[in-house]
Amino acid sequence: MPTAIMSSKGQLVVPQEVRVDLGLTAGSRVDFVKDGDHYQLVPRKISVKSLYGYLPKPERAYTLGEMQEGIIQGALESMQWSD
């Protein structure tokens, strides 16, 4: 059975076998789910499909050129200094 030791800062190193089994990579998030007197380590996986409908539909379809222009305009606006 894989084992981990907690550091003085409360950090755990997840054993490689467990990381592989759970599909965990650098930056992965996990949830600790209480199950009676125990906790389960559950990887937090967000499906792209779960994001469907999160943003409102645009009023119309935009061309690639219009999207690129919007990105450039937004970048320029974010770089302007205000007093």
Side-chain angles (χ1 to χ4, degrees):
M1 172 171 41
T3 303
I5 298 173
M6 185 178 299
S7 74
S8 60
K9 294 182 179 182
Q11 299 169 328
L12 294 172
V13 174
V14 180
Q16 181 181 11
E17 176 184 347
V18 176
R19 292 192 313 263
V20 170
D21 286 348
L22 294 177
L24 299 175
T25 58
S28 293
R29 294 184 180 269
V30 296
D31 289 326
F32 293 88
V33 180
K34 190 164 186 169
D35 184 13
D37 293 338
H38 299 84
Y39 281 89
Q40 296 179 11
L41 178 74
V42 181
R44 179 180 284 188
K45 295 188 179 186
I46 298 175
S47 166
V48 171
K49 291 181 180 181
S50 70
L51 300 175
Y52 181 79
Y54 187 74
L55 297 175
K57 289 188 177 189
E59 297 172 5
R60 64 176 182 84
Y62 292 90
T63 67
L64 183 56
E66 289 173 319
M67 287 187 266
Q68 289 175 334
E69 181 60 35
I71 292 168
I72 292 168
Q73 185 63 37
L76 290 173
E77 288 174 6
S78 71
M79 294 184 337
Q80 292 179 354
W81 297 91
S82 59
D83 293 326

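All of these numbers come straight from a predicted model, not from anything done at the bench.
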Problem - Contact list for residues 1-15, test side chain to side chain donor-acceptor pair (under 3.5 Å), sequence neighbours left out - result: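 The answer is none; no pair qualifies.
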Exercise for the section: Mind checking the CD-CD spacing from Glu66 to Gln73? Nearest 0.5 Å is all I need. Expected result: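 The CD atom of Gln73 is 13.5 Å from CD of Glu66, to the nearest 0.5 Å.
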Problem - Gap between atom CG of Leu22 and atom CD of Glu17 - 0.5 Å precision - result: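 One gets 10.0 Å once the value is rounded to the nearest 0.5 Å.
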Handout entry: Shortest non-hydrogen contact between Ser28 and Gly23, atoms and distance
Key =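 Closest approach of Ser28 to Gly23: OG-O, 4.4 Å.
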Practice task
Check Pro43 against Leu24 and note the closest heavy-atom contact, atom names and distance.
Solution key: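 Pro43 and Leu24 have their closest heavy atoms at CB-CD2, 3.9 Å.
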Problem - Tyr62, OH: over 12 other non-hydrogen atoms inside 6.0 angstrom - result: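 Check passes, neighbour count above 12.
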Exercise for the section: Can you establish whether the number of heavy atoms outside Leu12 located under 6.0 Å from its atom CG is more than 12? Expected result: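 Yes, enclosed.
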Practice task
Answer yes if Phe32 and Val18 sit in the same cluster of Ile, Leu, Val, Met, Phe, Trp and Tyr residues linked by side chain heavy atoms under 4.5 Å apart, and no otherwise.
Solution key: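 They do share one cluster, since a chain of ILVMFWY contacts under 4.5 Å joins Phe32 to Val18.
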Practice task
Check whether Met79 and Ile72 end up in the same hydrophobic cluster, where Ile, Leu, Val, Met, Phe, Trp and Tyr are linked by side-chain heavy atoms less than 4.5 Å apart.
Solution key: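 Same cluster: Met79 reaches Ile72 through Ile, Leu, Val, Met, Phe, Trp or Tyr contacts under 4.5 Å.
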Exercise for the section: Using the side chain to side chain contact (heavy atoms under 4.5 Å, CB included) rule, pick out the option among Leu41, Val42, Val14 that qualifies with Val30. Expected result: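 Only one of Leu41, Val42, Val14 forms a side chain to side chain contact (heavy atoms under 4.5 Å, CB included) with Val30, namely Leu41.
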Exercise for the section: Would you confirm whether Arg44, through its side chain, and Arg29, through its main-chain N or O, come within 3.5 Å as a donor-acceptor pair? Expected result: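 Answer holds: no.
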Handout entry: Backbone N/O of Gly65 and side chain of Gln68: donor-acceptor pair under 3.5 Å
Key =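 Side chain of Gln68 to backbone of Gly65, a donor-acceptor pair under 3.5 Å: no, none is there.
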Exercise for the section: Answer whether the closest heavy-atom distance between the side chains of Val20 and Gln16 falls below 4.5 Å. Expected result: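 SC-SC contact between Val20 and Gln16 confirmed.
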